[in-house]
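Note that the coordinates shown come from a computational prediction; the quantities given were computed from them, not determined experimentally.
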Amino acid sequence: MQGVVVDADSFFRALEPHSSQAKNTLRHISNHPQYELCVPITVLGEVVLVCLGSEENADDPHGVGELHEIIDFWKSLEISFLIPNEAVAKVCWMLAKDEQGKLLGATDRVHLGYALAYDMSYFLTEDKDLRHFPIPEE
């Protein structure tokens, strides 16, 4: 089975009124026997912080109602949650020290760190910085 990691933006995108394709893509991955839909626990935290309007995300237009929608959507999916371990800590630390890695935001580095540490086959993201990020060889 091939692991597919998704970031927080993928869930926000899936709830947009005219983006049934994003929602259908996540459902397809969740139901496909060849793929495992994986969500780092940090993505859950980011979704909650954005929806609750943390100071860091004060300009973000998401709210508590959207958090409830996302939770309902999560309940409809088969999700494997990725939890922190030593490999995640090591990879995140290495990304934070890497010159290219420093160009990513802290949450992006952590989400990518989970994907790398868990040796995921795919990383589904709406973030253009992550899509074009050169993975360090080390």
Side-chain angles (χ1 to χ4, degrees):
M1 189 171 300
Q2 297 180 42
V4 181
V5 172
V6 296
D7 69 356
D9 289 339
S10 299
F11 292 116
F12 288 122
R13 175 96 165 126
L15 295 183
E16 290 177 358
H18 302 290
S19 64
S20 61
Q21 182 179 356
K23 188 177 271 188
N24 289 339
T25 297
L26 291 171
R27 283 190 177 130
H28 178 74
I29 293 167
S30 171
N31 295 322
H32 198 286
Q34 184 178 344
Y35 300 108
E36 179 179 20
L37 182 62
C38 300
V39 178
I41 200 153
T42 54
V43 168
L44 299 179
E46 181 180 358
V47 167
V48 170
L49 288 174
V50 168
C51 288
L52 295 181
S54 70
E55 289 181 27
E56 189 174 305
N57 299 300
D59 296 331
D60 217 318
H62 305 284
V64 175
E66 194 164 18
L67 176 60
H68 291 284
E69 286 183 62
I70 289 174
I71 291 170
D72 287 342
F73 182 51
W74 285 338
K75 290 191 301 188
S76 74
L77 303 172
E78 290 290 324
I79 297 175
S80 293
F81 293 102
L82 306 180
I83 59 171
N85 60 29
E86 287 184 42
V88 171
K90 183 176 182 179
V91 172
C92 289
W93 180 78
M94 292 169 73
L95 285 171
K97 289 186 62 145
D98 181 77
E99 289 303 315
Q100 290 290 331
K102 290 178 184 177
L103 299 176
L104 292 175
T107 56
D108 291 340
R109 271 197 313 268
V110 172
H111 300 335
L112 180 60
Y114 272 85
L116 293 171
Y118 275 90
D119 198 27
M120 294 285 109
S121 301
Y122 301 97
F123 190 111
L124 185 63
T125 181
E126 297 282 325
D127 188 310
K128 64 182 177 192
D129 292 335
L130 278 171
R131 288 193 317 231
H132 301 291
F133 181 75
I135 305 298
E137 287 185 36
E138 187 179 343

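Atom-to-atom distance recorded for E69:CD and F12:CZ is 11.0 Å, nearest 0.5 angstrom. Remark: H132 NE2 to D127 CG distance equals 9.5 Å, nearest 0.5 Å. Note that OG of S10 is 5.5 Å distant from CD of E126, once rounded to the nearest 0.5 Å. Going from atom CG of L95 over to atom NE2 of H111 covers 12.5 Å, rounded to the nearest 0.5 Å. Of the inter-residue distances, the one linking Q21 atom CD with E16 atom CD reads 12.0 Å to the nearest 0.5 angstrom. Taking OH from Y35 and OG from S30, the interatomic distance works out to 13.5 Å, rounded to the nearest 0.5 Å.
Under the 4.5 Å side-chain heavy-atom criterion for ILVMFWY residues, no single connected hydrophobic cluster contains both V110 and L103.
Every residue two or more places apart in sequence or in another chain that forms a side chain to side chain donor-acceptor pair (under 3.5 Å) with E36 is listed here: S80.
The closest side-chain heavy-atom distance from Y114 to V43 is not below 4.5 Å. Annotation: side chain of R27 is in contact with side chain of N24 (closest heavy-atom distance under 4.5 Å).
The environment of K102 atom NZ is dense: over 12 non-hydrogen atoms of other residues, nucleotides or ligands sit within 6.0 angstrom. Applying the 6.0 Å contact sphere to CD of Q34 captures more than 12 heavy atoms from other residues, nucleotides or ligands. Shown here is D119, whose CG atom has no more than 12 heavy atoms of other residues, nucleotides or ligands within 6.0 Å. Counting heavy-atom neighbours within 6.0 Å of Q2 CD, excluding the residue itself, gives a total above 12.
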Practice prompt. List the steps and the verdict of side chain to side chain contact (heavy atoms under 4.5 Å, CB included) for D108 and T125.
Written response: CA-CA 10 Å; D108 291 340; T125 181; over 6 Å; no

Worksheet item: For L67 and V48, what are the C-alpha separation, side-chain angles and deciding distance, and is it a side chain to side chain contact (heavy atoms under 4.5 Å, CB included)?
Response: CA-CA 7 Å; L67 176 60; V48 170; 4.0 Å; yes

Practice prompt. Dump the intermediate steps for side chain to side chain contact (heavy atoms under 4.5 Å, CB included) on Y118 and N85, then the final yes or no.
Written response: CA-CA 10 Å; Y118 275 90; N85 60 29; 3.4 Å; yes

Discussion item. Side chain to side chain contact (heavy atoms under 4.5 Å, CB included), that's the test. Do L52 and V64 meet it? Break it down for me.
Written reply: CA-CA 6 Å; L52 295 181; V64 175; 3.7 Å; yes

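Across all their heavy atoms, A22 and A14 have their closest contact at CB-CA, 3.8 Å. The minimum heavy-atom distance linking G3 with C38 is given by the pair CA-SG, 4.4 Å. Taking all atoms of both residues into account, the shortest heavy-atom contact from C92 to G113 is SG-CA, 3.9 Å.
Between W74 and the choices V39, L26, L44, the side-chain contact (heavy atoms from CB on, under 4.5 Å) rule is met once, by L44. The side-chain contact (heavy atoms from CB on, under 4.5 Å) with L124 is formed by just one residue from the set V6, D7, V5, L37; it is V6.
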